[in-house]
There are 4 protein chains.
Amino acid sequence: MVKKDKPKYKQIIDAAVIVIAENGYHQAQVSKIAKQAGVADGTIYLYFKNKEDILISVFQEKMAVFVNNLEQILSKDHSAAEKLKHMIESHFNLLAGDIHLAIVTQLELRQSNTDIRLKINNVLREYLLLLDQILISGMETNEFDQDMDIRLARQMVFGTMDETITTWVMNEQKYDLVELAPKVHHLLMKGIRA
Amino acid sequence: MVKKDKPKYKQIIDAAVIVIAENGYHQAQVSKIAKQAGVADGTIYLYFKNKEDILISVFQEKMAVFVNNLEQILSKDHSAAEKLKHMIESHFNLLAGDIHLAIVTQLELRQSNTDIRLKINNVLREYLLLLDQILISGMETNEFDQDMDIRLARQMVFGTMDETITTWVMNEQKYDLVELAPKVHHLLMKGIRA
Amino acid sequence: MVKKDKPKYKQIIDAAVIVIAENGYHQAQVSKIAKQAGVADGTIYLYFKNKEDILISVFQEKMAVFVNNLEQILSKDHSAAEKLKHMIESHFNLLAGDIHLAIVTQLELRQSNTDIRLKINNVLREYLLLLDQILISGMETNEFDQDMDIRLARQMVFGTMDETITTWVMNEQKYDLVELAPKVHHLLMKGIRA
Amino acid sequence: MVKKDKPKYKQIIDAAVIVIAENGYHQAQVSKIAKQAGVADGTIYLYFKNKEDILISVFQEKMAVFVNNLEQILSKDHSAAEKLKHMIESHFNLLAGDIHLAIVTQLELRQSNTDIRLKINNVLREYLLLLDQILISGMETNEFDQDMDIRLARQMVFGTMDETITTWVMNEQKYDLVELAPKVHHLLMKGIRA
DNA sequence: GATGAATGAGGTTTCATTCAT
DNA sequence: AATGAATGAAACCTCATTCAT
């Protein structure tokens, strides 16, 4: 059994999400995470190389859920437009259902230093490549504008989603994020359709 | 004469931009900023309440240029679509012309803690309100879709611009940002037009 | 059967010598010694009270060889001068033949804290008492100066040997230590002979 | 005025000697040294790069006194034998007069890691070169055996002195170290004279 | 007897801010 | 107004030792 499969590994990851969300990135000391996880400080270091490793693992583990979801969506026999819709809904659903995670990914983890941010970006890249697949397939079926710049389209889709979620988090989730999904989809579709 | 008009005030602001851009947010110590500005550490505190005050002031001072530009654009007798185009071009132009500033606003300042980020968002709000004016005027003239959600449209426009600029900065400005402006405008127009 | 006679006892002692020699005193963690010995960390504590006990036992076990050798030398029917010569040769030989041990006793073990060093000195005392016997016998037979201070003479003999070996170890054994023995003996003899 | 000339520099050096002597090398925390010196912890770092720098500086500053003394002795118009005598007396005198320093140099500083020990050895080298000068001059005037190996002779002289002082320190200075100087000199002279 | 996962105390260093000059 | 020396709080990580299995 590898470390990642041991119960304490996930226990610590989940504790980190809670502690970061509730205390902020810079107030998320290792000792606080250990306490929240119900283990000794030193135990953390049996499962993670250092604090940076915890933070990157948090992002990796959680991002994996997003990637898996998106892979599911891609595997279904739907139109590109529908896939995009499912992507937005699924993305919004996941974050609306885990406020702690939303706070961590949209606000707190972005305060990390450049090293960690670069590693986080590598994890994110996998997700964006799947988004590119949707865009490319839509262009091939002529659902989406065949002349559009993929990179710009991706930046519009992801930038709009990201901005929407961050605004929602910053406004303390006063309104329903999931309800916005169809509207966001509609807006984006107009931008990219043929 | 208020503090903001004294030469050392701007001197420190400019020093902060340079130091943050060249060293990164977490390596931008007050003493470094003081040295770059050519003043003593203690002098900083004659012009700023604390370090947070410097960072917010940096954003305020620089954002003012963006707001002024946008006000100029709004005052001209153009269509909403043209105003949007000028906005994107002007925004991209300003940042492409001051790499230090681009690095600071797109990457480094986002590493600040949530408190500072919320205050920065307040400063940003003024700019976004002007963007809303363009969107509203476009909807009134039926250039833009009258059924669209203003907030979402704003998030799409700003999110796309922001994501585009950040990607450009992260890629070390290998390509021409300003050249992308028409394409971004075209993409966004498709999304929001009637 | 007492603990010292069990195979794992010597196994751990030998592992400690290797680990200390190869990693240095401050990098010789109990877990490394356990790994080198092929036992679990906890097993160490079935044979030794604590880490300090390992280090002192290392010195005791290895010093016993020196003491045995010297007892052999003393038992032979030689002049005091010859005994001294054999002592130096034997001492140099043993260390030249076990570089790990030389590094540990001359360099690494001296980095231990004062408590351990005092206990090591107690172990060393037995060896120095045998050296004193050589000196006394030489004074009785008028081979050595009958007016000399035994303690000082012992410090000169041991200090010179020790400094010579340490210099040799520090110089990465670039030259032949054993070859120096006659010269050291000659030098010391001049100092102590009648 | 350079840092070394400022009063706090020497204040911290002296505090370090006292704290190390009284608490042992491994219990000489920076905070203890700061407290003993009557400054804040952070102040230490205005004068020293890090803890290692304090320890090396302690040795450098104190060793400088030994080197200066020895240079004085060398400059006098005495025989090599007399110079050696003065060296031993001066060396013993300095340490007998500053028990804290004796404990630090003979016992505590030797517990430092290999990095620091190497740097300390570089400082010591200067002293040993002056000792070599005495030996060489004695050989030139035929006071000392012209056939002897300089390195061995140096190791005998320094090893004997070192062993004598360490034994005295370890025995809690129960007897008079300075009284031993003539005897040590006599013993060494017999060993090296022509 | 043997294991090895878990424990938790403890210290160096940075840096925003102050205040005597 | 300007200086810059001094302050001191705060946290990541290591590793000897234990004890349930």
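Chain A is the first sequence line, chain B the second, and so forth, proteins listed ahead of strands; every chain is numbered from 1.
What separates CD1 of A/Ile12 from C1' of E/dA5 is a distance of 12 Å, to the nearest Å. Here the C1' atom of nucleotide F/dC13 and the CG atom of A/Asp53 are 14 Å apart, to the nearest Å. The separation between C/Ile116 atom CD1 and F/dA16 atom P is 11 Å, rounded to whole Å. Atom CD1 in B/Ile44 sits about 17 Å away from atom C1' in F/dA5, given to the nearest Å. The interatomic distance linking B/Tyr9 (OH) with F/dA1 (C1') rounds to 18 Å, in whole Å. Whole-Å rounding puts the C/Asn23 CG to F/dC15 P distance at 11 Å. Rounded to whole Å, atom C1' of E/dG4 lies 18 Å from atom NZ of C/Lys32. Across the protein-nucleic acid pair, A/Ile33 atom CD1 and F/dC12 atom P stand 8 Å apart, rounded to whole Å.
A donor-acceptor pair under 3.5 Å links the side-chain atoms of A/Lys32 to the main chain of A/Gln27, judged by distance alone. Distance alone, capped at 3.5 Å, is enough to place a donor-acceptor pair between the D/Asn113 side chain and the D/Ile116 backbone. Side-chain N or O atoms of A/Glu108 include one that pairs as donor or acceptor with a backbone N or O of A/Tyr25 at under 3.5 Å. When atom types are taken as modelled, the side chain of A/Arg110 and the backbone of B/Gln111 share no donor-acceptor pair closer than 3.5 angstrom.
For A/Tyr47, whose side chain is taken as the heavy atoms from C-beta onward, the closest listed nucleotide among E/dA5, F/dG8, F/dT3 is E/dA5.
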So A/Glu52 and A/Ser112, side chain to side chain donor-acceptor pair (under 3.5 Å) or not? Walk me through it. CA-CA 9 Å; A/Glu52 179 175 321; A/Ser112 56; over 6 Å; no
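From B/Met170, atom CE reaches atom CG of A/Leu118 across 6.5 Å, with rounding to the nearest 0.5 Å. Interatomic distance, C/Glu126 CD to C/Gln60 CD, rounded to the nearest 0.5 Å: 9.5 Å.
Proximity of A/Leu46 to A/Lys8: side-chain heavy atoms (C-beta onward) are nowhere separated by under 4.5 Å. Looking at C/Phe48 and C/Ile13, their side chains come closer than 4.5 Å, going by heavy atoms from C-beta outward.
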Heavy-atom contacts, protein to nucleotides 11-21 of chain E, under 4.0 Å, summarised as B (base), S (sugar-phosphate only) or - (none) per nt, yield SSBBSSBB---
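When each of A/Lys8 and C/Ala40 is assigned the nucleotide of DNA chain E with its nearest heavy atom, C/Ala40 is the one assigned upstream, toward the 5' end. The residue among B/Gly38 and A/Leu46 whose nearest nucleotide of DNA chain F is located toward the 5' end is B/Gly38.
Stem regions annotated for DNA chain E: E:2-21 with F:2-21, counting only runs of 3 or more consecutive pairs of Watson-Crick or G-U type with both contacts under 3.5 Å.
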